[in-house]
Structures are given as C-alpha cells and as structure tokens.
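Throughout, a chain's letter reflects where its sequence line sits, starting with A, and its residues are numbered from 1. All heavy atoms count here, side chains included; hydrogens, waters and symmetry mates do not.
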There are 2 protein chains.
Amino acid sequence: MSTAEATNEAASSSSSDDPRERILSAAGEEFAERGFEATTVRHICLAAGVNVASVNYYFGDKQRLYHETVRQAHQQLVAQVPLSPWPVGTPARDRLRGFIGNVLERMLGFGRPRWQNRLMLREVLQPTEACRDLVDDYIRPQFNRLISILDELASGQLEQPQLRRVAMSIFGQMFVYRAADDVVGMLIPADERDALHTPVPLADHITHYALAALGLAIPLTTPESRA
Amino acid sequence: MSTAEATNEAASSSSSDDPRERILSAAGEEFAERGFEATTVRHICLAAGVNVASVNYYFGDKQRLYHETVRQAHQQLVAQVPLSPWPVGTPARDRLRGFIGNVLERMLGFGRPRWQNRLMLREVLQPTEACRDLVDDYIRPQFNRLISILDELASGQLEQPQLRRVAMSIFGQMFVYRAADDVVGMLIPADERDALHTPVPLADHITHYALAALGLAIPLTTPESRA
DNA sequence: AGGTGATTGAAACGCCTGTTTGAAATGCCT
DNA sequence: AGGCATTTCAAACAGGCGTTTCAATCACCT
C-alpha cells in the first residue's frame, strides 16, 4: 500500500533494524547465559523476532553462528580497551593501579552488554577454536602490558619468567572474582562484599598487595618486635 | 515397589561389581568432561556397560543421577583432605607453605580420579543446588583454615575483612591455574610452564609473594637507591 | 523345585533438536 | 508496470534426547 518509499540507508547503528544483527545480539545473550549446547536455535530466533530459518539463511548453521557471535563480541570488547591514556611521565605504580582498576572495571563493572564478558569467560574456561584469536587480540596484549609495567617497577631486577609469575598472580586475583563470583558471595558476608570486593577497593588492595610484595610499599603488617 | 538395597552394599571399593557404582563412575567422567546438558544418558550407560533403563531404575532420572554424582565426588574429595598433620609448634609460615602446596597439589596434581576435581570446578563456575554443600563441607573450611594461618602470621594486626581479602588473593592465584589452564598455557612458554608453573615451585612463589606482602619475607626486589 | 521380588533387556514413547524445504512476500531495477 | 533476486514464512524433516514399558531373567527363600 502506501509507504512505498522505504529508502533504507538510515543509519542502522541500532540493533532493531538489521535481522542479522538482531540474531547476533540475541544469540550472544543466550550463548553467554546458557552455553552452546544448552542454547536452542528456536529460542534465539524467538528472542530476535525472526523466523527459525533465518539463522540458517544468514549464518549457515548453529556452529557458525556461535563462532560469529564470539568473534563480534571479542572485537567489540577489544575496541573498548583504552589504548594508552597515560601522560608520559606517569609513575609506574600509578599505571599499575590504573591497569588493575581498568581490567577489574571491565570484568566486574555493569557497563555495556554484560553478555560479551560472559561469553569471553566461557571461552577462557573451555576454549573452542575461537579462543586463540581472543588470546592473541585481547588477553596477551593485556598480559604483556602488565608485564612491562612490572618490569619498570622492578627496575630490571626481575627476569621475564619471574615477571610472568607475578603478572599471573595479579591476573588470578582479579580472575577469581569474575569466574567464581557465586562462591565468593558464599564466602564473604554480603555487606563486606559490597564494601570491599568491588572494583575500586579491590584494585587498591591488589595493587598494594603487589607493591608490598615487590618492596615498593609498606607491608600489610609491621614485623613484631623480633629481637 | 521400593527397595533397591535388598542385598547389602558391601564391596563398594571397586567399580566393576555394583552396577549402581559403575553408573556413578561413568557418569562422573562424562559429566565432568562434557557438562550436564551435553552428556547423554545413553552414553553414560554405554560406558558403564548397563542398560539405558538402569539409570532410571537406580536414580530416578538424569537430574538426580547428576546430584548423586556430585555428592559422591565431593565427599570422596573431602575424605582425601589431610586433617591436621602439623606437629604443634610448626611455624605459621611453614603451615602457610604447606597449605598452599596441599591445595595446589589437589587442584593440579595427577593423583586420583581427575574427573572429581573437574566436576567440582564446574560447580564452582556455574553452581547448581549441589554447590551449597560443596562450599559448606569443602571450600569454606579450607578458606577458614587459610584465614587462621594468616591471622597468626599477622599477629592480630589484620581485621577479619582484611584477612578475607588476602585469603581470596591467595586462592585466586591458585584458582586461575586450574580454571584457566588452557589460556595459561597460551601465555607461558611450554618449558617455562613445566619448570615454574607446577605445584611445587608455584607454591613457593605464592607463599613468598604473600609473606613479602605481609612484611614477613624479603621483597621480590630491593628498592633502588632512593636519596 | 517352585514361587516371589529384585534386576535386566529390547523396544518404543513423546518430545524437542538442528536443519531443510518450497512457496509466499518483499525490495529493487529498467 | 513487469521481472528478478533477495528475504521471510509456516511446515515438515530425520534424528537424538530422556524416559517408560513390560516381558524375560536372575537371585534367593522355604
């Protein structure tokens, strides 16, 4: 009838326009929440408001849809990583605190689509083919970035293997809050969790813990009188 | 009607006798490897060498079989935890090193059925109803044990919330090697991984890292000449 | 031995899965 | 307008899933 002129070309930045993107978005949430096996194509299409045949039309099959979903999510995550907003001359310990706070914020924060994070976590915990790209483009750069900060902090006193160990220790301290958050919630009282185990105070703690271990901050305790 | 235990239940050590135990063992491996959703009852029964109807006869349905599998695995794991083999008067730092080495050995070691570990990890990462018991009987006691060691090390200088944070940091450093082992393998060169990221040297590192942070061991680096 | 309840077995039950079909609807070009 | 490729749709496909059936078998008791 009327409305003949549907000259598209109108942006399409949103997700409610292109069916392909609607499928990707819905699939992301479903895969992230339930995992690949437990997610059904029908459920995705229902959430996306498209026909069941669409996933086959646009992506071939469920497997390729999953790969494409992971790829898109990890690229969007990479695009959100701040490149290097540190003014030259920023002390290394400030950069360490900034790095840890930044990663924690992305891991635990409530910003942006939460499912992208969760999907990446799934890949880390149980890698598929899509994991290698994720490590190469996202995780390893962060890891090396942390190592270079630590290297500067240690003034070259630590060899690469030692730096990698310390870097992994720091990552582990952040990672456990993301991967085992349910159990953390069972071990830490609720009010204490809200007060101390959130990105900002947690970043302070992990940073201080690292600096103290490196001998660059006062230890958490002062030695008892030790004659 | 009822009665699945007319005869006794002796000879429960081996796995080739009682069909019920054969099912539990096979189910444990399958569930641990593939997860609940991706595991099929038919596959379990094939591996156990029993008829498909057996799982229904002995356990009711797949869900209850899963619960029973987790329950059994976690109880066997609890039974393997050394109770308190420390002679009185053992220095707290030795107990810390012993504790960390012990947990790492159980997490990463090759002893006993590996699937029990993996199944517990699944519960930690994505808890089901069975997770509460696991935390109450297995994880929280370990956590409190670590806290009491740290409390002694700190000579009462740290409040409970601070102790919990440090304890979580230590757990995180161990946990990441178990939960994200594939990615760790991508970040650390193979030879270095075999040399430094195995239970014994790892326990040394994490212990030293903690003691240094607490001011109870020499830091990893010595401060530069700082006029 | 005969009888009784516990266990096993092969086959089938719905149901839901991923995927395919072929026709209808839509958009786009000259 | 017509013609043509792209996109949508309801319906169906074969296959696998968890679960159930019920007859056959087994173990045990008097």
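Ranked by how close their nearest DNA chain C nucleotide is to the 5' end, P19(B) and E37(A) are led by P19(B).
In this structure, NE2 of H43(A) is placed 10 Å from P of dT17(C), rounded to the nearest angstrom. In this entry the distance linking CG of N56(B) with P of dA12(C) reads 19 Å, nearest Å. What separates CG of D17(B) from P of dT7(C) is a distance of 14 Å, to the nearest Å. Summarising the geometry, the separation between NZ on K62(B) and P on dC17(D) is reported as 9 Å, rounded to the nearest angstrom. In this structure, D61(A) places its CG atom 14 Å from C1' of dT17(C), rounding to the nearest Å. The nearest whole Å value for the distance from the CD atom in Q63(A) to the P atom in dT19(C) is 9 Å. To the nearest angstrom, P of dT8(C) lies 8 Å from CZ of R22(B). We find that OH of Y58(B) is positioned 17 Å from P of dT19(D), with the value rounded to whole Å.
Relative to the side chain of Y57(A), the nucleotides dT8(D), dT7(C), dT20(D) differ in distance, and dT8(D) lies closest.
Of all heavy-atom pairs between V52(A) and V41(A), the closest is O-CG1, 4.3 Å. The two atoms that bring H197(B) and R165(A) nearest to each other are CE1-CG, 3.6 Å, heavy atoms only. Across all non-hydrogen atoms, the minimal contact from Y209(A) to Q173(A) is CD2-OE1, 3.6 Å.
For the pair K62(A) and F36(A), the cation sits on the ring face: its NZ or CZ lies under 6.0 Å from the ring centre, inside 45° of the axis.
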Name the pairs: protein N/O against N/O of nucleotides 9-11 of chain C, kept only if under 3.5 Å.
| residue | atom | partner | partner atom | Å |
| --- | --- | --- | --- | --- |
| dA10(C) | N7 | N51(B) | ND2 | 3.3 |

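With no hydrogens or angles considered, a side-chain donor-acceptor pair links H74(A) and D137(A) at under 3.5 Å. Looking only at atom types and distance, the side chain of N102(B) has a donor-acceptor partner in the side chain of R106(B) under 3.5 Å away.
Using a 4.0 Å heavy-atom cutoff across all strands shown, F59(A) reaches no nucleic acid atom at all.
Ring geometry, F171(A) versus F143(A): the interplanar angle falls from 30° to 60°, so the pair is classed tilted.
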